Amino acid sequence: MVEEITQQLYEASQKKQMCRIQMRGEPLSRVIHPYGIYKTSMDKIMLVWWQSLGFTSAKGQPGYRNLSLLDCIQIEIMDEYFTVDEGFNPEDKQYCEWVYHI
């Protein structure tokens, strides 16, 4: 399942297609712009995305989110496209080792 979700996220990010994802334990889905998958210094595999709609603890505000790949339980690639936020910096030190990024 993780491999399939990783492949779907990779394909969506390469085409810059928005996705609807469902995270474990959350009542609502999220609409995201998938930017990449990376490993932290603690060896956790994380997703980074720009979230435009959906469940969040950030008071419903759009913005960057970093959540565990293992908590992603469902993904739907949408027919809508996104542009990369100019603030995205793949060289940021929080991204220890990239699996891939846009």
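Residue numbers run from 1 in the order of the sequence given. What you see is a predicted model, and the numbers here were worked out from it, not measured in a lab. Keep in mind that the numbers below use all heavy atoms, side chains included, and drop hydrogens, waters and symmetry copies.
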- Message: I'd like to know whether Leu70 forms a side chain to side chain contact (heavy atoms under 4.5 Å, CB included) with Val2, so could you lay out the CA-CA distance, the side-chain angles of the two residues, the decisive distance to 0.1 Å, and finally the verdict.
- Response: CA-CA 7 Å; Leu70 298 178; Val2 172; 3.8 Å; yes
- Spacing of CD1 belonging to Ile5 relative to CD belonging to Gln7, to within rounding of 0.5 Å: 12.0 Å
- When every non-hydrogen atom of Met23 is compared with those of Ser68, the smallest separation belongs to CE-O, 3.6 Å
- Query: Considering residues at least two apart in sequence or located in another chain, which fulfil the ring pair (Phe, Tyr, Trp, His ring centres under 6.0 Å) criterion with Tyr10?
  - Reply: Tyr100
- Message: List the residues meeting side chain to side chain contact (heavy atoms under 4.5 Å, CB included) with Arg24, not counting sequence neighbours, and say none if there are none.
- Response: Asp71, Ile73
- In terms of heavy-atom contacts, does CD of Gln74 have more than 12 from other residues, nucleotides or ligands at under 6.0 Å? no
- Message: List the residues meeting side chain to side chain contact (heavy atoms under 4.5 Å, CB included) with Thr40, not counting sequence neighbours, and say none if there are none.
- Response: Tyr38, Met42, Lys44, Met46
- Task: Would you give the length of the straight line joining atom CH2 of Trp98 to atom CD of Glu91, rounded to the nearest 0.5 angstrom?
- Result: 9.5 Å
- Query: Tell me, do Asn66 and Gln94 make a side-chain contact under 4.5 Å, heavy atoms counted?
  - Reply: yes
- Are Leu53 and Val48 connected in a single hydrophobic cluster, I mean Ile/Leu/Val/Met/Phe/Trp/Tyr linked by side-chain heavy atoms less than 4.5 Å apart? yes
- Query: Roughly how far, to the nearest 0.5 Å, is CG of Leu9 from CG of Leu47?
  - Reply: 5.5 Å
- Joint hydrophobic cluster, Ile75 plus Ile45, side-chain heavy atoms closer than 4.5 Å: yes
- Query: Where does the angle between the aromatic ring planes of Tyr35 and Phe82 fall among parallel (under 30°), tilted (30 to 60°) and perpendicular (over 60°)?
  - Reply: parallel
- Return the set of residues passing salt bridge (Lys or Arg N to Asp or Glu O under 4.0 Å) with Glu97 (not counting sequence neighbours), or none when no residue passes. Lys39
- Task: Might you work through the side chain to side chain contact (heavy atoms under 4.5 Å, CB included) test for Ser52 and Met18, ending with a clear yes or no?
- Result: CA-CA 9 Å; Ser52 56; Met18 296 168 64; 3.8 Å; yes
- Item | Val99: side chain to side chain contact (heavy atoms under 4.5 Å, CB included) partners, not counting sequence neighbours | Ile37
- salt bridge (Lys or Arg N to Asp or Glu O under 4.0 Å) involving Glu76 - partner list, sequence neighbours excluded: Arg20
- Item | Atom pair CD (Gln8) and CD (Gln17), whose distance is rounded to the nearest 0.5 Å | 11.0 Å
- To the nearest 0.5 Å, tell me how far Ile21 CD1 sits from Ile32 CD1. 4.0 Å
- Item | Ring centroid separation Trp50 to Tyr64 under 6.0 Å | yes
- Query: Cluster question for you: counting only ILVMFWY and a side-chain heavy-atom cut-off of under 4.5 Å, with indirect links fine, are Ile102 and Tyr81 together?
  - Reply: no
- Message: If I compare all heavy atoms of Pro34 with all of Ser13, which pair ends up nearest, and what's the gap?
- Response: O-CB, 3.2 Å
- Item | Spacing of Glu26 atom CD and Leu67 atom CG [to the nearest 0.5 Å] | 7.0 Å
- Item | Polar side-chain atom of Arg30 near backbone of Leu28 as donor-acceptor pair, under 3.5 Å | no
